[in-house]
*Asks:* 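After the structure tokens below, expect a handful of questions from me.
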Amino acid sequence: MDFTRPETVLNLQNIRNELVRMEDTIIFKFIERSHFATCPSVYKEQHPGLTIPNFEGSFLNWALLNLEITQSRIRRFESPDETPFFPDKIQKSFLPSVNYPQILAPYAPEVNYNDTIKDVYIEKIIPLISRKDGDDSNNFGSVATSDIECLQSLSRRIHFGKFVAEAKFQSDIPLYTKLIKDKDVERIMENITNSAVEEKILERLTKKAEVYGVDPTNKKGEKRITPEYLVKIYKEIVIPITKEVEVEYLLRRLED
Ligand SMILES: O=C(O)C(=O)C[C@]1(C(=O)O)C=C[C@@H](O)C=C1
């Protein structure tokens, strides 16, 4: 996919192929995170022993914020497929702008589900994928680093819903114009839903987790990520939030 060539980006098949590739990234990031304990202290604000000078938030937020500031300086968030967790804190790059053609509507960066993604990741995903419960203070830095990679991959996948939504809008402008004017959220949701595609995703994830989730040289056959959990995460979290992104993007699509 080439963001300087809009015709490649708004092709629904290309978008779906990209979503399939992102499954692999997400699975391997989850496998990395699965080696560590849940480490609840990493997510608590002002946790004793993990307080950071001049910073109110959690250890994870400090690490994520500072990484995003650095990444913004090298243009990460100029790319239309990247959405920051701290949109108010990132900075302008010292590099010249890339001048991507306008593919999405101008308000697209405001469609930002990263707070929801971070909350659900901490509350639901970490307990499912971590090897054991509890803290492991030697690994707080590694845990936060791994979390950031999981979060950024999830965020990119879920916010790809904006490209899906734009492609669907372009494929039937009269239908979506009517539904948007009527603010008919239910029918928009119905029209963007493709149950056959969703089922295929879940089937493929089951197979991928069976293959990638086990080290073939490990005789004990210890599972690093189970198909059941991966399917649950996609079915209950990833796909539903992607659809919310699509609906929110579409509801504003007639704005000037
Ligand atoms: O592929 C699509 O058409 C999408 O809208 C993406 C997606 C997904 O999140 O994977 C979401 C809704 C559809 O029901 C199917 C799949």
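Because the structure is a prediction, the values reported are computed rather than measured. Order of appearance sets the numbers: ligands from 1, and atoms from 1 within every ligand.
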*Asks:* Could you find the nearest protein heavy atom to atom 7 (C) of ligand 1 and give me its residue, atom name and distance?
*Replies:*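 I find the closest protein heavy atom is E246 OE2, 4.4 Å.
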*Asks:* If the cut-off is 4.0 Å to any non-hydrogen atom of K243, which atoms of ligand 1 fall inside it?
*Replies:*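 Listed by number with element, the hits are 11 (C), 12 (C).
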*Asks:* Got a sec, which pairs hit ring-ring contact (aromatic ring centres under 6.0 Å, His included) with one end in residues 71-126, sequence neighbours left out?
*Replies:*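 For residues 71-126: Y107-Y249.
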*Asks:* Number the atoms of ligand 1 from 1 as they appear, then name those within less than 4.0 Å of a heavy atom of T193, with their elements.
*Replies:*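 Answer, ordered by atom number: 14 (O).
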*Asks:* In terms of atom number and element, which parts of ligand 1 are under 4.0 angstrom from non-hydrogen atoms of N194?
*Replies:*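 Those qualifying, in numeric order: 13 (C), 14 (O), 15 (C).
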*Asks:* What protein heavy atom is closest to atom 14 (O) of ligand 1, reported as residue, atom name and distance in Å?
*Replies:*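 Atom 14 (O) of ligand 1 sits closest to the protein heavy atom E198 OE2, 2.5 Å.
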*Asks:* Give the atoms of ligand 1, by number and element, whose distance to some non-hydrogen atom of T242 is under 4.0 Å.
*Replies:*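 This gives 9 (O) as the contact atoms.
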*Asks:* Would you give the length of the straight line joining atom CZ of F36 to atom CG of D135, rounded to the nearest 0.5 angstrom?
*Replies:*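 One gets 13.5 Å once the value is rounded to the nearest 0.5 Å.
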*Asks:* State whether E18 and R21 are salt-bridged, where the test is any N-O pair (Lys NZ or Arg NE/NH1/NH2 against Asp/Glu carboxylate O) under 4.0 Å.
*Replies:*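 A salt bridge links E18 with R21.
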*Asks:* Does ligand 1 have any atom sitting under 4.0 Å from a heavy atom of R157?
*Replies:*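 True for this residue.
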*Asks:* Salt-bridged, R252 to E110, with N to O below 4.0 Å?
*Replies:*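 Salt bridge between R252 and E110, a charged N being under 4.0 Å from a carboxylate O: yes.
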*Asks:* Classify the contact between I192 and ligand 1 as side chain, backbone, both or neither, using a heavy-atom distance cut-off of under 4.0 Å.
*Replies:*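 I192 to ligand 1: backbone contact only, side chain stays beyond 4.0 Å.
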*Asks:* Quick one: which ligand 1 atoms are inside 4.0 Å of a heavy atom on R16?
*Replies:*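 Counting atoms of ligand 1 from 1, those under 4.0 Å from R16 are 1 (O), 2 (C), 3 (O).
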*Asks:* For K168, is at least one N or O under 3.5 Å away from an N or O on ligand 1?
*Replies:*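 In this structure, K168 places an N or O atom under 3.5 Å from an N or O of ligand 1.
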*Asks:* Should E23 and R157 be marked as a salt bridge (charged side-chain N to carboxylate O under 4.0 Å, His left out) after you check the CA-CA gap, both sets of side-chain angles, and the distance that decides it?
*Replies:* CA-CA 8 Å; E23 288 167 4; R157 194 282 177 203; 5.7 Å; no
*Asks:* Angle between ring planes, F163 versus F3, binned at 30° and 60°: parallel, tilted or perpendicular?
*Replies:*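 Plane angle between 30° and 60°, so tilted.
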*Asks:* Who's the nearest protein heavy-atom neighbour of atom 16 (C) of ligand 1, and how far?
*Replies:*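 Checking every protein heavy atom, the shortest distance to atom 16 (C) of ligand 1 gives V197 CG1, 3.9 Å.
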*Asks:* Output, in order, the C-alpha distance, side-chain angles, deciding distance and verdict of side-chain contact (heavy atoms from CB on, under 4.5 Å) for L154 and I125.
*Replies:* CA-CA 11 Å; L154 285 168; I125 299 182; 4.0 Å; yes
*Asks:* Calculate, to the nearest 0.5 Å, the distance between atoms OH and OG belonging to Y229 and S34 respectively.
*Replies:*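 Going from the OH atom of Y229 to the OG atom of S34 covers 12.0 Å.
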*Asks:* Out of all atoms in ligand 1, which are within 4.0 Å of some heavy atom of I201? Include the element for each.
*Replies:*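 Listed by number with element, the hits are 10 (O).
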*Asks:* Check whether any N or O atom of S195, backbone or side chain, sits under 3.5 Å from an N or O atom of ligand 1, and answer yes or no.
*Replies:*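 No, no N or O pair falls under 3.5 Å.
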*Asks:* Do E7 and N11 have a side chain donor and acceptor closer than 3.5 Å?
*Replies:*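 Distance-only check fails for E7 and N11.
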